[in-house]
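A short worksheet on the structure shown next.
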Protein chains: 2
Amino acid sequence: MAGVEGHIRIRQGDGRIVGTHSHPELTKNQSLVFGTLNRADGPLTAYAILDLLRDEGFRAPLQVYRALEKLLDFGLVHRLESLNAFVACSHPGCSQHHAVAFAICETCGNVLEFTPDAALKDLSKWAGDCGFSPAKTTIELRGTCRGCGQAATN
Amino acid sequence: MAGVEGHIRIRQGDGRIVGTHSHPELTKNQSLVFGTLNRADGPLTAYAILDLLRDEGFRAPLQVYRALEKLLDFGLVHRLESLNAFVACSHPGCSQHHAVAFAICETCGNVLEFTPDAALKDLSKWAGDCGFSPAKTTIELRGTCRGCGQAATN
DNA sequence: ATACAAGATGTAACTATGTAACACTGATGG
DNA sequence: CCATCAGTGTTACATAGTTACATCTTGTAT
Ligand SMILES: [Zn+2]
Ligand SMILES: [Zn+2]
Ligand SMILES: [Zn+2]
Ligand SMILES: [Zn+2]
């Protein structure tokens, strides 16, 4: 087993398909994990993925973590540090964007992925000024999304 | 026990004292945890704090987590999401700044706390535009600090 | 074909991080 | 005196992630 074709639908939170990833080098377990994350409409913890893949033969957390490690390398998946959870990248050509930000609604659980160019530029400037070389940047906003905010005031 | 005076030195990574916090409402356990974080020259996990406070009578993680929860509320301590660890706030008048960023050196473990105003403004603008109300913003740069970067190229 | 190397997988055991539940204490205000 | 509340102590539990080792698969060199 070395190279199951991974051609997987990318959905928005509403289920609308907005793109696909085609990565020729996904192995069986990587495809299973990536497929699970794409079908989910929100972030999943590694153990949640494990439970969803019991029927496919998954038995141990390491099977999930190994697949996730590769998917993170490929840029197909992001880790949400403040949730200890993982989401499929929602940007179809994501291999490019190494710095990205997330807005996480604490009411409905939806996650919006965006690229805050100005913020990243400012952070880069700060880093340059004080001699810090960033390897990975984490930006996560926890709060309430438009829908949930409106619902609360109705 | 209700109100041990907490007047505690704030040190930089080099041990230099750069300020103090005076908070009249710190309880015994809160003072012990806060003091431990201030003496440390880097972030500590909750279990590391627990081990450092065994001699003071700490026995269970909840004693640490309960103190940390309050210290986080008071703004005296920050949580580093990407490390599952905690640091004393290095900004003496920190009660004000609710949004802050960290540059974490993966070589030496030092953490620099800073306030990236322009980045925060940009993120606020993005949030406003898409109806998201942020309650807490996490910004963490993982990389290499000036000293460690220079050491690597020497 | 045979042999080897690299990558992928399976499994058990373990460490690390964080919580729930319940009991107890000491202060505060009727 | 009694109710209440915040803080504390302790046990057990739940969640998250890793180490170690064996096996299997596939590509490649001989
Ligand atoms: Zn992405
Ligand atoms: Zn929402
Ligand atoms: Zn601070
Ligand atoms: Zn360093």
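Note on naming: letters A, B, ... go to the chains in the order of the sequence lines (proteins, then strands), and numbering restarts at 1 for each one.
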Can you measure [X] atom [atom1] to [N] atom [atom2] for me and round it to whole angstrom units?
X: Leu50(A); N: dT9(C); atom1: CG; atom2: P; value: 15 Å
X: Arg59(A); N: dT23(D); atom1: CZ; atom2: P; value: 19 Å
X: Glu69(B); N: dA6(D); atom1: CD; atom2: C1'; value: 12 Å
X: Phe58(B); N: dT10(D); atom1: CZ; atom2: C1'; value: 14 Å
X: Leu53(B); N: dG9(D); atom1: CG; atom2: P; value: 11 Å
X: Lys28(B); N: dT8(D); atom1: NZ; atom2: P; value: 8 Å
X: Gln30(A); N: dA8(C); atom1: CD; atom2: P; value: 6 Å
X: Asn84(A); N: dT17(C); atom1: CG; atom2: C1'; value: 9 Å

Contact under 4.0 Å: [X] side-chain N or O vs [N] OP1/OP2:
X: Arg79(B); N: dG18(C); result: yes
X: Lys70(B); N: dG7(D); result: yes
X: Thr27(B); N: dT8(D); result: yes
X: Gln63(A); N: dG10(C); result: yes

What nucleotide, of [options], holds the atom closest to the side chain of [X]?
X: Ala46(B); options: dA16(D), dT19(C), dG18(C); result: dG18(C)
X: Ala60(B); options: dA16(D), dT10(D), dG17(D); result: dT10(D)
X: Asn29(B); options: dT18(D), dT17(C), dT8(D); result: dT8(D)

Any stacking of Tyr47(B) on dT17(C), going by centres under 5.5 angstrom and planes within less than 30 degrees? yes
Does any non-hydrogen side-chain atom of [Y] lie less than 4.5 Å from one of [X]?
X: Pro134(B); Y: Leu123(B); answer: no
X: Phe86(A); Y: Leu71(A); answer: no
X: Arg79(A); Y: Asn84(A); answer: yes

Do Asp117(B) and Lys121(B) meet the salt-bridge criterion of a basic N to acidic O distance under 4.0 Å? no
Could one point to a donor on the side chain of Arg66(B) or the base of dG9(D) with an acceptor on the other under 3.5 Å away? yes
How about Glu81(B) and Thr138(B): does a side-chain donor come under 3.5 Å of a side-chain acceptor? no
